[in-house]
Every structure is written in structure tokens, then in C-alpha cells.
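Indexing begins at 1, ligand by ligand and atom by atom, following the structure's order. Heavy atoms only: backbone and side chains are in, while hydrogens, waters and symmetry mates are out.
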Amino acid sequence: MALHSMRKARECWNFIRALHQGPDAAPVPQKDAVKRIFSGIQPTGIPHLGNYLGAIESWVKLQDEHDSVLYSIVDLHSITVPQDPAILRQSILDMTAALLACGINPEKSILFQQSQAKTAKEKQNGTVGLLTYPVLQAADILLYKSTHVPVGEDQVQHMELTQDLAQSFNKKYGEFFPVPKAILTSMKKVKSLRDPSAKMSKSDPDKLATVRITDSPEEIVQKFRKALTDFTSEVTYEPASRGGVSNLVAIHAAVAGLPVEEVVRRSAGMDTARYKLVVAEAVIEKFAPIKREIEKLKMNKDHLEKVLQIGSAKAKELAYPVCQEAKKLVGFL
Ligand SMILES: Nc1ncnc2c1ncn2[C@@H]1O[C@H](COP(=O)(O)OC(=O)[C@@H](N)Cc2c[nH]c3ccccc23)[C@@H](O)[C@H]1O
């Protein structure tokens, strides 16, 4: 999300807030609410290492640890750039297959399609929330009274706006929305393989920068072989001064499930050229079963559609009373 859009959204919110200035309700301290986990991913393209280590892997753990967990395939967010309808439709199913293959279990969490889980009434009320990306994201989160949002570092600004919106609403109408907290993993910012100062991203024009879950072993080896490091051949973990090799160490530790120190210890005496192949091998091993499962799931379109239909209906059920109560508080109902 470009910074200027973020600023615009904040300006927009301040404007809305100014319009609504009236006698403020007394601030009520937040109670310990039931925990509700919520997160989302855009259906554009195959998830990459950053999505996986920064978000999806922790989503899988969280569904085991908490009772109320929702994951949204945020198709409404994806149309901020032009999308071919047939490709978008397919991408939503592909993302469903990828998330299921990564371990998202619809018995443990609600996996749903954002556009299908908006209540009918809300659609008619089409607000600024549907027009500005960060405000729509805040609406996603607040609509389910979410308390915790597992995301990568790039979403922190959006979380701050969401917190602002929740607090402002509560200040005016009394405690209603929990102020949601971001949950960040140790891999909150997986770096580009070609530029360790930038995050790994789906839209990177340099195809070698981003490792996708479904890349072939050959592609993965090629991408790591070409990963930008420095002129020191030793493998160390010094993110501030050796961003490239440290990113490889962090990825290696995460996919192998080992502490960074252990990974560094095991690579003693190895040069970075050889180490890149070790990391590539670890990533190939991690993604191989997921890749196989994606291929299997993609053959069963009916199943994928069913999962989304059921998930979207459940999400809608949770959203409806929140939406109604919010409308009552505001005076729409
Ligand atoms: N290089 C990286 N390193 C670590 N984590 C990363 C990296 N790249 C991506 N991520 C994380 O992956 C998740 C999905 O990314 P999206 O860009 O689809 O994510 C997005 O575009 C959101 N705006 C989607 C969204 C819409 N509504 C929401 C409500 C709650 C949470 C998220 C959403 C994210 O957690 C993202 O932080």
C-alpha cells in the first residue's frame, strides 16, 4: 500500500471524525474480551515465502490454539489494481487450495471469501470503507470484533489505523470494538532475494526476488543461487551489516524449525555460495508436500467452492449482529 494512499485514508478518516464531532461518550476501559483471531490475504498470485513465514504458518498454529479464528481471501482489496474477472475467479480458488495445503483447516477456522461475507444491508450502504483500502481493511477486522491479527510488518500501519478507528468509535459510542492487536512472527519481514533492503513481494518485477510455494526445485535453486549477498564468504547472522546472508540464515532457520544460532553453527566453514544451495534445499523440502497437496486440491474445484461457501456463510453470521449493533449505536437503526 503506497504511503500516500495511507495518508489519504487518514485524512479521510479525520474528515469523517470532524463531521461527527458531538458530545463524546465517556471512555470505558477495555474489558478482557473473548479472543478472536482474524487475518486476510489477497488472492492475487501464489503465496510466497514472505506470506508463508510472515503470516500463513502462524495462522495454522493459531487455529489450534484459539476457538474463534477467521481467515479471509480479500478479493475486494485485490481490485485496487485492474483484474481480469476470469483470472480473479480462478485466483480465489487457487488461493483457497494454497491455504488448505499449507494447513488451514476449515474445521478449526473459518476460511472465507471477503466479497461473499458482507451482509446484504452493508452492501447497500456502500461507504467510504469500500473505496479506500486501509479503511476497508479496518472494516474487515472490526466487523468481527477481532482482537488479534496475525500479519507481517508491512501491515502494521494498517493496524494502527484500525486501532485509531476502534478507539474513536468507542470514545463516541461507548466501549464496543475491542482494540485489535497485531501478532508479528520472528519472520515479520522476509526480504527480497535480490535486494535485502526491500521486503519479498508478489509484485516484484525481478522474478528472481520472490520464491513462490509452487516454484519448481530448479527455480528455487536458481533464485537462491542468484540471491544477493556480499563479498564476505563466511555465513553469519548480522542483519544490520549483512542483510543478504542474514536473510538467508533467517529463512533457513524458519523453514528448518531451528534457532538462528544453530543454523549458523551448522554452517561453520561453509562459504555463502555453497550455503545458498543448502538453504534452497531446505526450502524445497519444506514446500514439496504443500506443492503436492495444492496440485491435488486444485483438481477438486467443487470442494474448494464448498469450503468458501460454508466459510462465507459462517463469517456472515458473525458479522451481522456486530453490524446491526454498530448501526444501532450510531442511530441508523
Ligand atoms: N515479505 C514479507 N515478509 C513477511 N510477511 C509478509 C511479506 N509479504 C507479505 N507478508 C504478509 O503476508 C500476508 C498476506 O499479504 P497480502 O499482501 O496479501 O496482505 C494484504 O494485502 C493485506 N492488506 C490483506 C488484508 C485485507 N484485510 C485484512 C485484515 C487483516 C489482515 C490483513 C488484511 C500479510 O499478513 C503480510 O503482512
- Between Gln42 and ligand 1, which part of the residue brings a heavy atom under 4.0 Å of the ligand: side chain, backbone, both or neither? both
- Taking non-hydrogen atoms only, is Val151 closer than 4.0 angstrom to ligand 1 via side chain, backbone, both or neither? both
- Query: Hey, what's the ring geometry for Tyr275 with His252, parallel, tilted or perpendicular (30° and 60° as the breaks)?
  - Reply: tilted
- Query: Nearest protein heavy-atom contact for atom 25 (C) of ligand 1: which residue, which atom, what distance?
  - Reply: Gln137 OE1, 3.6 Å
- Message: If the cut-off is 4.0 Å to any non-hydrogen atom of Gly54, which atoms of ligand 1 fall inside it?
- Response: 4 (C), 5 (N)
- min-distance protein heavy atom vs atom 13 (C) of ligand 1 -> Ala55 CB, 3.7 Å
- Message: Check for me whether Lys328 meets the cation-pi criterion with Tyr173, that is, NZ or CZ under 6.0 Å from the six-membered ring centre and within 45 degrees of the ring axis.
- Response: no
- Message: Using a 4.0 Å cutoff against the non-hydrogen atoms of Lys188, which atoms of ligand 1 qualify?
- Response: 3 (N), 4 (C), 5 (N)
- Identity and distance of the protein heavy atom lying nearest atom 22 (C) of ligand 1: Gln155 OE1, 3.2 Å
- At what distance is the nearest protein heavy atom to atom 36 (C) of ligand 1, and which residue and atom is it? Asp154 OD1, 3.3 Å
- Can Met159 be said to touch ligand 1, with heavy atoms closer than 4.0 Å? no
- Which atoms of ligand 1 are found less than 4.0 Å from any heavy atom of Asp140? 26 (C), 27 (N), 28 (C)
- ligand 1 contact on Lys191 by region, counting heavy-atom pairs under 4.0 Å: neither
- Message: For His158 and Tyr133, take the angle between the two ring planes, folded into 0 to 90°, and tell me which bin it lands in: parallel under 30, tilted 30 to 60, perpendicular over 60.
- Response: tilted
- Query: Where do Glu262 and Arg266 land on the salt bridge (Lys or Arg N to Asp or Glu O under 4.0 Å) test, with the steps shown first?
  - Reply: CA-CA 6 Å; Glu262 178 60 15; Arg266 289 187 191 185; 2.8 Å; yes
- Identify which one of Trp59, Phe112, Tyr144 satisfies the ring pair (Phe, Tyr, Trp, His ring centres under 6.0 Å) criterion when paired with Tyr71. Trp59
- What protein heavy atom sits nearest atom 9 (C) of ligand 1, and how far off is it? Asn51 ND2, 3.3 Å
- Message: At under 4.0 Å between heavy atoms, is it the side chain or the backbone of Ile56 that contacts ligand 1, or both, or neither?
- Response: neither
- Message: Counting only heavy atoms, tell me which of Ser201, Ser39, Gly40, Ser72 gets closest to atom 24 (C) of ligand 1.
- Response: Gly40
- Message: I need the nearest protein heavy-atom contact for atom 3 (N) of ligand 1: residue, atom name and distance, please.
- Response: Val190 N, 2.9 Å
- Closest protein heavy atom to atom 2 (C) of ligand 1, given as residue, atom name and distance to 0.1 Å: Gly50 CA, 3.5 Å
- Message: Below a 4.0 angstrom heavy-atom separation, can you tell me which part of Val149, side chain or backbone, both or neither, approaches ligand 1?
- Response: side chain
